[in-house]
Amino acid sequence: MAEEVRSLNFIEHIIEEDLRNGYVQDNLRFRFPPEPNGYLHIGHASSICLNFGLGLRYNAPVNLRFDDTNPAKEEKEYVEAIKEDVAWLGYEWDTECYASDYFQQLYDWAVELIKQGKAYVDSQSSEDMAAQKGTPTEPGKNSPFRSRSVEENLELFEGMKNGDFKEGAHVLRAKINMASTNMLMRDPVMYRILHKPHHRTNTDWCIYPMYDWTHGESDYIEQVSHSLCTLEFLPHRELYDWFLDQLVSKDRLRPKQREFARRNLSHTIVSKRKLLQLVESGVVAGWDDPRMPTISGLRRRGYTPESIRNFADTVGIAKRDNVVDVSLLEFHVREHLNKISPRVMAVLDPLKLVITNYEEGKKEWLEAENNPEDESAGYRQVPFSRELYIEQEDFREEGNRKFFRLKLGGEVRLKNGYIIKAESCTKDANGNVIEVQCTYDPNSRSGSGTEESLRKVKGTLHWVSIPHAVTAEVRLYDRLFTDPTPGAHKDKDFMEFINPDSLEKVTGYLEPSLKEAQIGDKFQFQRMGYFNVDKDSTNEHLVFNRTVPLRDTWAKLDQKE
RNA sequence: UGGCCUAUGGUGUAAUUGGCAACACUACUGAUUUUGGUUCAGUCAUUCUAGGUUCGAGUCCUAGUAGGCCAACCA
């Protein structure tokens, strides 16, 4: 198959240009740098696919680096979850790195900066420092401690390191320019005192480096060539470069930071704070609730790594604000699941159907194709009997020409089985149909080769034999938010847009082949959608999640009428 | 009232760097179909506005407009 010609995104253009200008391809190296303070979500997936995709494209190593400089918010649990998610997406990192591994080196470099007069210890309160910082339209003022002697700075900084001071007493600041139009250049804090144990270095340190003093230097230590981050870090680039200017040696590679726009998905939110709020308020059952946009939630929902990677690829990367419609994600999961999912029959809203001319107590096994998209998937046997369940919405006493399903006096084929004709129906006191009586054509069995079996009827219904049916809890999910951009309203809280019907639990009646289904197994319930076995499932109590419904052109048509 | 970034169908990206605005999704037609699924064929654009340079502008220039980011001892 011919390689599809794919156009380059702007990051790839930058790399190609570097290569044309003499950059050695072997020196290319990337990294994915999550802070281990929460679970990865679909937005991270884009970044993961970008960095690891570049690694694959240029045959370059990609590090997984934990940006663990804030022990107040970070935990080992998140490190493990992140590793699991990246691996599940199908990527292999070259080296597992931690910013905390560089604490000593960072400290030594900071001492060097102090000696060069480029950093100083400030002993003001954070409020005073904030007041002196100025605003985007007004320049800041120099700190009274800005001209401390090198000796005093050295002594104080060492004291900070040794734990001689309490939190907030001092910080180390870079001496740059309090009048810069870039607020980040107004003597940014490099270190703060934090008497908190770190999940890796424990109590070895009581000063911790800030993001800006850590990130570029970590890139430099790891010799990352292109450090890619989201657009809100663009103003940090000037500082990233300033720090690098102070310590890069000529014989080593100098990393460059480039920024891309984060991907936003419609009908969801990805802010860690808001995600946490959903979990803590009990709106969802946890970080891996199948309605969550987390990688673990999508995995549990039944999404495949392939579908998420294809989604990220299709969306691409650029520099403008965006909201990708969730229907594109759904397209990709359907596209993949369509190829790999075995077809089965399951009735989720049962209506009893009795075939009056079918012998009572008789049972026969019908042959059913497992996947029309994949011949190698083979066939299975499905039991058929006199009493079946069909879907409630597949029967109407009367229906117009466009209603291809079962109506009184009308014919329909039972998938893999016989052509039946609805003769009558029984109703309860409220007028609801509770049973349909029909007759079948014994010569019309699917695959029997008879003239009757080849007869065309407009509709085909899925069904399940009542005496053989296996019951299961089936969880039907809908989008969590009713608004396309729940987090983007200035006057309204995103919690106001919670969809009250995002989860519906029903009892499903499944063909007996599903009895042995294992956690994670994926199926297409024919005419209904794609489902997988949830981790709550047991042998006694099967639980299925609906990953995504099938496209339903009839529902749209029917709604219009 | 500062600095920086961005603007291409309903959505997301492309456009060999100045040469026929392309791809995918969505929506809508129609064909095929023992899943109203899949598959196949088709339809849907004054490239934010106004000027300018040029044989030729989505791309370059000027001026607007709109949106975003920046004042944490978070990342």
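The chains referred to below are lettered A, B, ... by the order of the sequence lines, with proteins before strands, and numbering in each begins at 1.
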### Query
Does C40(B) have a Watson-Crick or wobble partner in any strand here, with both distances under 3.5 angstrom, and which is it?
G30(B)
### Centroid distance under 5.5 Å and plane angle under 30°, Phe404(A) vs G36(B)
yes
### Message
Is it the case that the side chains of Tyr379(A) and Glu367(A) hold a donor-acceptor pair, with the cut-off being a distance below 3.5 Å and no angle test?
### Response
no
Polar pairs (N or O, both sides) under 3.5 Å between protein and nucleotides 12-16 of chain B?
residue : atom : partner   : partner atom : Å
G12(B)  : OP1  : Val323(A) : N            : 3.2
G12(B)  : O3'  : Arg263(A) : NH2          : 2.9
G12(B)  : O2'  : Val315(A) : O            : 2.8
U13(B)  : OP1  : Arg263(A) : NH1          : 3.3
U13(B)  : OP1  : Arg263(A) : NH2          : 2.5
U13(B)  : OP2  : Arg320(A) : NE           : 3.2
A14(B)  : OP1  : Ile317(A) : O            : 3.2
A14(B)  : O2'  : Ser7(A)   : OG           : 3.1
A15(B)  : OP1  : His13(A)  : NE2          : 3.1

### Message
What I want to check is whether the side chains of Ser100(A) and Arg200(A) have a donor and an acceptor closer together than 3.5 Å.
### Response
yes
### Query
According to the Watson-Crick and G-U wobble definitions, with both distances under 3.5 Å, which nucleotide is paired to A22(B)?
U13(B)
### Task
Please tell me which of the listed nucleotides, G37(B), G36(B), C73(B), lies nearest to the side chain of Arg551(A)?
G37(B)
### Query
Which of these nucleotides, A27(B), U26(B), A75(B), is closest to any side-chain atom of Lys556(A)?
A27(B)
### Query
Of the candidate nucleotides U34(B), G37(B), C70(B), which contains the atom at the shortest distance from the side chain of Pro136(A)?
C70(B)
### Message
Taking any heavy-atom pair under 4.0 Å as a contact, classify His462(A): base, sugar-phosphate, or nothing.
### Response
nothing
### Task
Applying side-chain hydrogen bond (donor to acceptor under 3.5 Å, both in side chains), run through Arg31(A) and Ser218(A) and close with a yes or a no.
CA-CA 10 Å; Arg31(A) 109 267 89 119; Ser218(A) 302; over 6 Å; no
### Query
Heavy atoms under 4.0 Å, any strand shown: does Tyr418(A) hit a base, just sugar-phosphate, or nothing?
nothing
### Message
For the residue pair Asn63(A) / Glu222(A), report whether a side-chain donor-acceptor contact shorter than 3.5 Å exists.
### Response
yes
#### Entry: Partner nucleotide of A7(B) by Watson-Crick or wobble geometry (both distances under 3.5 Å)
U65(B)
### Task
For A71(B) and U11(B), measure between their P atoms and round to the nearest Å.
30 Å
### Query
What orientation do Tyr211(A) and Phe233(A) show, parallel under 30°, tilted 30 to 60°, or perpendicular over 60°?
tilted
### Message
Give me syn or anti for U17(B), where syn covers glycosidic angles within 90 degrees of 0.
### Response
syn
### Message
Can you tell me if Trp554(A) is stacked onto the base of G36(B), using a 5.5 Å centroid cut-off and an angle below 30°?
### Response
yes
### Task
Step by step, work out the side-chain hydrogen bond (donor to acceptor under 3.5 Å, both in side chains) result for Glu259(A) and Gln257(A).
CA-CA 7 Å; Glu259(A) 312 79 12; Gln257(A) 172 183 305; 3.1 Å; yes
### Message
Can you see whether Thr294(A) engages His41(A) through a side-chain donor-acceptor pair at a distance of less than 3.5 angstrom?
### Response
no
